[in-house]
Amino acid sequence: MAPQCALIADIVGSRALSDRPSAQRALEAVLARAAQGLALLQEPVATIGDEFQLATRTLADALVYTARVHLLVPDGLSLRFGIGEGQILVLDALGADEHGHYLQDGSAWWAARAAIDRAHARQDGASPFQRTWYASDPEGAPADAVVNALLTLRDHAVWRLSARQRRIAGALTMGEPQVAIARAEKISQQAVSDFARGAGAGVLQSTALIQEANRA
């Protein structure tokens, strides 16, 4: 069976939010929007506390999805992700929940839990910008370091963007026309184009390359 990716997300600083229900609804909307055009194995679903879970068929989809979410979240909110690549086992015998989701297990979920714990530790340590980490089964495979180098650079680039720049980058990664983005932001199309070739180029181009490779 080909490896798949389990994703666990939690809300950064959830206990400090003044209006948790509104924040939850806003994040659920972002998680649903970011999934557009991606063939997810499991749609994002809220679980216990401040966590969400979903699954993708490929690592490329997981990387694109997390990039979109980090760019689309409203100012003042943030999600942290653990991406685990391995096997996902659907336990049909236990039946589905009220949303039609079946209980799952497998090495991808174990890796995702380890990954989000590592992301949290790095954020609390020397890398306050860290929002994403990746782990595979078997743990410590050579590709892990390469993927996490990309995620660290990407998280830092997103962290340095202003709220408006994140909105623009998020809209561009969703395929929205520059004219529509410029109208929504009340700026010129040239300003959007300049951003796409300047401050946002790294995030946008890396996401586009991952999408292109996934279609190959």
Side-chain angles (χ1 to χ4, degrees), residues 2-13 30-31 34-35 38 40-41 44 52-73 78-88 106-162 165-166 168-170 172-174 195-216:
Q4 298 161 327
C5 285
L7 284 74
I8 299 175
D10 63 10
I11 305 172
V12 176
V30 166
L31 289 167
L38 301 178
L40 300 188
L41 188 64
F52 303 90
Q53 294 183 1
L54 67 142
T56 65
R57 299 183 186 279
T58 66
L59 175 58
D61 279 345
L63 297 177
V64 171
Y65 183 84
T66 51
R68 288 177 173 181
V69 171
H70 290 319
L71 293 167
L72 292 170
V73 289
S78 181
L79 283 170
R80 176 171 42 235
F81 279 94
I83 302 172
E85 188 172 22
Q87 299 302 317
I88 295 177
S107 60
W109 289 109
W110 310 335
R113 179 62 62 188
I116 197 169
D117 288 345
R118 183 68 183 279
H120 198 167
R122 287 180 62 84
Q123 182 188 340
D124 288 345
S127 304
F129 56 85
Q130 196 85 52
R131 293 294 183 273
T132 329
W133 199 255
Y134 164 82
S136 66
D137 173 46
E139 186 176 358
D144 288 21
V146 177
V147 175
N148 284 315
L150 166 67
L151 292 174
T152 298
L153 292 171
R154 190 184 74 183
D155 284 354
H156 188 260
V158 172
W159 188 61
R160 290 175 59 87
L161 298 176
S162 68
Q165 288 175 330
R166 283 197 306 274
I168 294 172
L172 288 169
T173 61
M174 295 300 298
F195 166 77
R197 296 196 304 267
V203 174
L204 295 171
Q205 291 178 15
S206 64
T207 303
L209 286 169
I210 291 167
Q211 289 177 297
E212 182 178 337
N214 201 33
R215 289 192 293 266

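We count residues from 1, following the sequence as given. Just so you know, these numbers come straight off a predicted model, no measurement behind them.
Across all their heavy atoms, Cys5 and Ile83 have their closest contact at SG-CG2, 4.2 Å. When all heavy atoms of Leu71 and Gly170 are compared, the pair lying nearest together is CB-CA, 3.6 Å. The nearest pair of heavy atoms linking Asp144 to Ser136 is OD1-OG, 2.6 Å. Between Ala119 and Trp133, the closest heavy-atom pair is CB-CB, 3.8 Å. When all heavy atoms of Ala67 and Thr207 are compared, the pair lying nearest together is CB-OG1, 3.8 Å. Contact detail for Gly86 and Asp137: the closest heavy-atom pair is CA-CB, 4.3 Å.
A tilted orientation is assigned to the rings of Phe129 and Trp159, their planes being inclined by 30° to 60°.
Interatomic distance, Thr152 OG1 to Gln130 CD, rounded to the nearest 0.5 Å: 4.0 Å. Interatomic distance, NE2 of His156 versus CG of Leu153, reported as 9.0 Å (0.5 Å rounding). Once rounded to the nearest 0.5 Å, the distance linking CG of Asp117 with CZ of Arg122 reads 14.0 Å. Between the CG atom of Leu31 and the CZ atom of Arg68 there is a distance of 12.5 Å, given to the nearest 0.5 Å. Annotation: the span from Leu54 atom CG to Leu41 atom CG amounts to 9.5 Å, rounded to 0.5 Å. Of the inter-residue distances, the one linking Gln4 atom CD with Leu59 atom CG reads 12.5 Å to the nearest 0.5 angstrom.
Take Arg80 and apply the side-chain hydrogen bond (donor to acceptor under 3.5 Å, both in side chains) test, not counting sequence neighbours, and it matches Asp10, Gln123. Considering only residues two or more places apart in sequence or on other chains, Thr173 meets the side-chain hydrogen bond (donor to acceptor under 3.5 Å, both in side chains) condition with none of them.
Remark: side-chain polar atoms of Asp155 are paired, donor with acceptor, to backbone N or O of Thr132 under 3.5 angstrom. Here the side chain of Arg154 pairs a donor or acceptor atom with the backbone of Leu63 at under 3.5 angstrom. Side-chain N or O atoms of Asn148 include one that pairs as donor or acceptor with a backbone N or O of Tyr134 at under 3.5 Å. Between the side chain of Arg166 and the main chain of Leu161, a donor-acceptor pair closer than 3.5 Å is present.
Inter-residue side-chain proximity for Leu72 and Met174 is flagged as met; some heavy-atom pair is nearer than 4.5 Å. Taking the side chain as every heavy atom from C-beta outward, Leu79 and Val30 never approach each other to under 4.5 Å.
Using modelled atom types, one finds no donor on one side chain facing an acceptor on the other under 3.5 Å when comparing Thr56 with Asp61.
For the side chain to side chain contact (heavy atoms under 4.5 Å, CB included) with Ile8, the lone residue among Phe81, Trp109, Phe52 that qualifies is Trp109.
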With side chain to side chain contact (heavy atoms under 4.5 Å, CB included) as the criterion, how do Leu7 and Thr66 come out once you've worked through the C-alpha distance, each side chain's angles and the decisive distance to 0.1 Å?
CA-CA 9 Å; Leu7 284 74; Thr66 51; 3.7 Å; yes
